[in-house]
Amino acid sequence: MKTAHTWRLGMKDMQILPMSRHRSHLKKPTWIIILVSLVIVFLICAYVYPPQNSTACYVFSSHGCKALSNWLPPAPVRELTDDEIASRVVIRDILSMRPSLSENSKLAFLFLTPGALPFEKLWDKFFQGHEGRFSVYVHASKQKPVHFSRYFVNREIRSDKVVWGKISMVNAERRLLSNALKDPDNQHFVLLSDSCIPLRDFDYVYNYLMYANTSFIDSFEDPGPHGSGRYSEHMLPEVEKKDFRKGAQWFTMKRQHAVIIMADSLYYTKFRDYCKPGMEYGRNCYSDEHYLPTFFHMFDPAGIANWSVTHVDWSEGKWHPKSYRKQDVTYELMRNITYITESLHVTSEEVKEIQIRPCLRNGNQRPCYLFARKFLPETLDNLMFIFPNYTSS
């Protein structure tokens with residue numbers, strides 16, 4: 001009897017246990033399937049609707065959107081529009097032309113100013129003795145300046161009104177380039193403002209630019225609100241957000257690149273229409289900071305240096321760079337600026353990233369800067385006294 005009783009208990013246990021195991025077996029796969037499904041949906045949504053700002057990127061990865069984009073499958077290659085095909089053919093053919101220096105190759109100095117040039121005497125000292133190796137062009141947007149140097153007399157081009165931050169700034173740059181391109185001997189083009197000064201003597205500047213075989217156009221990626229945050233989807237399909245770049249407007253560029261800028265209509269129009277102050281959602285976009293950096297990043301990234309040879313000091317953390325006063329201009333200051341060998345970019349994210357890169361010219365690290373701004377007119381006497389003595393070893 002005892003044995004039978006034990007058997008009956010065993011049977012009860014056997015009747016109960018299978019049902020318990022069966023329920024557990026059903027629950028675990030159900031939750032796993034639900035969890036995996038949610039992850040898949042999450043990733044699909046992230047792929048189809050990628051994050052539009054740098055903060056959202058960190059939901060996916062501590063490395064931001066770049067890590068997420070590397071993890072996901074590549075987007076399908078889209079078909080180019082007719083305008084894009086035509087534009088790329090022109091750009092390709094211009095870039096494939098072999099650059100050639102003429103016997104009288106010249107630097108073209110393009111002065112973008114509202115009126116008077118307070119450092120004209122300093123530039124006269126810079127140009128003296130080098131006639132035939134440079135050209136001067138002046139775009140005076142408000143009033144025709146009175147000149148003190150023979151190198152500037154009758155060098156004004158037809159000018160138009162320029163408003164800070166608007167496309168008129170880019171229009172003035174293109175106007176200067178088009179006038180300078182009329183002279184076939186002009187091989188390298190230097191954009192300067194009324195507050196710019198030379199840091200080096202003419203021979204050094206000439207050799208640095210003429211034999212570099214690159215354009216010194218500032219271009220870097222800023223994922224913050226004052227970089228990629230200014231991008232508008234209205235620029236699609238020609239300009240994608242991943243290609244949107246930022247940089248200082250003060251460039252020097254070789255003749256090939258100047259010709260490409262004058263040939264471009266498609267990408268210029270995108271920035272004219274969709275990169276301007278007072279855009280949707282209260283955003284401001286400034287085409288002079290984004291058009292050329294983005295354009296050359298897209299079409300000839302290896303042909304630009306990604307830094308400007310014009311120095312500015314952003315250390316004060318304001319909307320505009322530091323202005324140098326008379327008491328600031330010393331032998332020590334000018335020598336320190338002249339011998340900087342690394343370029344610095346600071347992003348506009350909440351946690352700012354400092355991007356430092358060596359200034360490489362033809363593969364060798366060299367001083368970064370040939371010019372500097374913003375110097376106030378009161379600094380002229382000090383500059384005349386010490387230029388260019390601070391560059392001597």
Can you confirm whether or not the ring centre of [X] sits under 6.0 Å from the ring centre of [Y]?
X    : Y    : value
F127 : F134 : yes
Y151 : W123 : no
F111 : F152 : yes
F299 : F295 : yes
H290 : F244 : yes

Report the distance from atom CZ of R155 to atom CG of N179, rounding to the nearest 0.5 Å.
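Taking CZ in R155 and CG in N179, the distance rounds to 9.0 Å.
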Could you check whether [Y] and [X], counting side-chain N and O atoms only, form a donor-acceptor pair closer than 3.5 Å?
X    : Y    : value
E84  : T81  : yes
E173 : Q249 : yes
D300 : H257 : yes
S215 : K254 : no
E349 : H226 : no

Within 45° cone of F220 ring axis and under 6.0 Å: R245 NZ or CZ
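No; the conditions do not both hold, so R245 does not lie above the ring face of F220.
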Side chain to side chain contact (heavy atoms under 4.5 Å, CB included) assessment of F271 paired with V239:
CA-CA 9 Å; F271 281 86; V239 181; 4.2 Å; yes
Please find the pair of heavy atoms, one from [X] and one from [Y], that lie closest to each other, and give the distance.
X    : Y    : answer
H297 : S219 : CB-OG, 4.1 Å
C368 : V309 : O-CG1, 3.4 Å
H139 : R158 : CD2-O, 4.2 Å

Can you list the steps and then say if R230 with K246 is a side chain to side chain contact (heavy atoms under 4.5 Å, CB included)?
CA-CA 10 Å; R230 295 172 174 174; K246 181 181 179 180; 4.3 Å; yes
For residues V205 and F371, determine if any side-chain heavy atom of one lies less than 4.5 Å from a side-chain heavy atom of the other.
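A side-chain contact under 4.5 Å exists here.
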What verdict does the side chain to side chain contact (heavy atoms under 4.5 Å, CB included) test give for F216 and S308, after you've listed the backbone C-alpha separation in whole Å, the side-chain angles of each residue and the deciding distance to 0.1 Å?
CA-CA 5 Å; F216 294 92; S308 168; over 6 Å; no
Take L181 and M262 through the side chain to side chain contact (heavy atoms under 4.5 Å, CB included) test and state the conclusion after the steps.
CA-CA 9 Å; L181 282 167; M262 300 316 303; 3.5 Å; yes
Contact list for residues 154-188, test ring-ring contact (aromatic ring centres under 6.0 Å, His included), sequence neighbours left out:
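The answer is W164-Y286, W164-H320.
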Main-chain N/O of A248 paired to D218 side chain as donor or acceptor, under 3.5 Å:
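Yes, the answer is positive, given that a donor and an acceptor are paired below the 3.5 Å cut-off.
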Is the number of heavy atoms from other residues, nucleotides or ligands under 6.0 Å of D93 CG greater than 12?
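Enclosed: over 12 neighbouring heavy atoms sit under 6.0 Å from CG of D93.
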Under 4.5 Å between side-chain heavy atoms, chaining through other members, with only Ile, Leu, Val, Met, Phe, Trp and Tyr counted: pull out the rest of the cluster around I356, sorted by chain and number.
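Via sub-4.5 Å side-chain contacts, I356 links to L344, V346, I354.
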Ring pair (Phe, Tyr, Trp, His ring centres under 6.0 Å) partner of F126, chosen from Y204, F119, Y206, F202
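So the option named by the test is F202.
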